[in-house]
Structures are given as C-alpha cells and as structure tokens.
Amino acid sequence: MKKYIFILVFILVLICGYFYVYKVHRTIATENEAYSGDVETLFLTYQEDELGANLKYLDKTILVSGVVSSLEKEHQTLVLNKQLFAVLTEEIPETLVKGSKLKIKGRLIGYDSLLEELKLDQCVIVK
C-alpha cells in the first residue's frame with residue numbers, strides 16, 4: 001500500500017514540476033498595464049521608496065511615455081529621459097530619432113540605483 005502511495009505522490013510531483021517548468025509565456029504586448037504614465041513620475045516613485053515601488057511595479061507590465069535620449073538600432077535598445085533603459089522585441093523604426101516623443105509598453109525588471117536607471121524588457125512601441 002505504501003508503495004502505491006509513494007508512486008502516486010511521485011507522479012503528482014512530476015506533473016506539477018512539468019507545468020511549473022513549461023508554463024505559458026507572457027505576452028506583454030497584450031497584457032493590461034499595472035502602471036500608465038510618464039517616465040519622470042515612475043522614476044521619482046522609485047527614488048522615494050524603492051521597496052514599495054518594487055512591490056507595486058516589479059515584473060508588471062507598464063506603459064510609459066518620454067523623450068528618446070539615445071537609441072541603438074542594431075541592439076534594439078533605447079533610453080527615455082535618460083532614466084529608463086528599454087529592450088524592444090521589434091526593430092526600431094527608421095523614422096525614430098533622438099528627441100522623439102514615444103510611448104512604450106514593457107515589463108519592468110528593476111531599478112539600478114548605481115546608474116539611477118529603470119530597466120524594461122519585452123518592450124513594444126505603442127502608436
């Protein structure tokens with residue numbers, strides 16, 4: 001009897017492990033955002049209370065607007081307001097240049113207090 005219980009528990013652990021490892025990937029572009037606003041406001045929130053802001057926004061989908069301060073088309077990265085570093089999932093349009101106003105949607109992966117910079121990945125440009 002104990003042998004059967006052990007086998008049943010083992011099978012349940014394997015099934016749970018499988019679903020944990022192979023869970024459905026997030027599609028940031030279609031998720032509702034936990035925060036919508038400008039880069040300045042989000043940045044100030046992190047400077048005032050990093051731990052509290054992490055509880056609210058870390059690993060969440062956010063929509064931010066700002067001015068492009070730098071971009072690297074070959075790496076699909078850009079910086080908004082010199083405070084938010086973003087990695088895009090799509091190519092940067094040829095028409096996008098420094099100084100352009102832009103809205104992006106992405107997953108907030110953290111705040112780098114050394115560089116004083118917010119970091120986003122899986123970003124898409126919102127038209």
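Val68 places none of its side-chain heavy atoms less than 4.5 Å from the side chain of Val79. Side chains of Val97 and Leu71 form no contact here, defined as non-hydrogen atoms less than 4.5 Å apart. Between Ile7 and Ile11, some side-chain heavy-atom pair lies under the 4.5 Å cut-off. Contact check for Val124 versus Thr89: side-chain heavy atoms found under the 4.5 Å cut-off. When side chains are defined from C-beta on, Glu40 counts as touching Gln83, because their heavy atoms get closer than 4.5 Å. Annotation: side chain of Leu78 is not in contact with side chain of Phe85 (no heavy-atom distance under 4.5 Å). For the pair Thr41/Leu44, no side-chain contact is recorded, criterion being any heavy-atom separation below 4.5 Å from C-beta on. Between Tyr35 and Lys56 there is no side-chain heavy-atom pair separated by less than 4.5 Å.
Shown are Leu58, Leu120, Asp59; of these, the side-chain contact (heavy atoms from CB on, under 4.5 Å) with Arg107 is made only by Asp59.
Nearest heavy atoms, Leu42 versus Ile62: CD2-CD1, 3.5 Å. The minimum heavy-atom distance linking Leu102 with Ile125 is given by the pair CD1-CG2, 3.4 Å. Contact between Leu96 and Lys73 at its shortest, heavy atoms only, is O-NZ, 3.5 Å. Listed here is the closest heavy atom pair of Glu117 and Phe43: N-CE1, 4.3 Å.
Judged purely by atom type and a 3.5 angstrom limit, Asp38 has no side-chain atom pairing as donor or acceptor with the backbone of Gly66.
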Please step through side chain to side chain contact (heavy atoms under 4.5 Å, CB included) for the pair Glu31 and Arg26, ending with a clear verdict.
-> CA-CA 8 Å; Glu31 285 186 12; Arg26 294 171 62 180; 3.0 Å; yes
Evaluate side chain to side chain contact (heavy atoms under 4.5 Å, CB included) for Ser113 paired with Glu50, printing each intermediate quantity in order.
-> CA-CA 9 Å; Ser113 56; Glu50 186 176 347; 4.3 Å; yes
Tell me, with the steps shown, if Ile104 and Leu84 meet side chain to side chain contact (heavy atoms under 4.5 Å, CB included).
-> CA-CA 11 Å; Ile104 59 171; Leu84 185 134; 3.8 Å; yes
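Interatomic distance, NZ of Lys98 versus OG of Ser70, reported as 6.5 Å (0.5 Å rounding). Separation of atoms NZ (Lys105) and SG (Cys123) is listed at 11.5 Å; rounding is to 0.5 Å. With rounding to the nearest 0.5 angstrom, the CG atom of Leu88 is 5.5 Å from the CD1 atom of Ile92. In this structure, the separation between CG on Asn32 and NZ on Lys60 is 13.5 Å, given to the nearest 0.5 Å. Rounding to the nearest 0.5 Å places OG1 of Thr61 at 8.0 Å from CD of Gln122. One finds the CD atom of Glu48 at 6.0 Å from the OG1 atom of Thr45 (value rounded to the nearest 0.5 Å).
Cluster membership for Tyr18 and Tyr20, using ILVMFWY side-chain heavy atoms within less than 4.5 angstrom, is shared.
The 12-atom threshold is not exceeded at CD of Glu91, counting heavy atoms of other residues, nucleotides or ligands nearer than 6.0 Å. For Glu90, the CD atom sits in a packed shell: over 12 heavy atoms of surrounding residues, nucleotides or ligands are nearer than 6.0 Å.
The aromatic rings of Tyr57 and Tyr46 lie tilted to each other, with the angle between the two planes from 30° to 60°.
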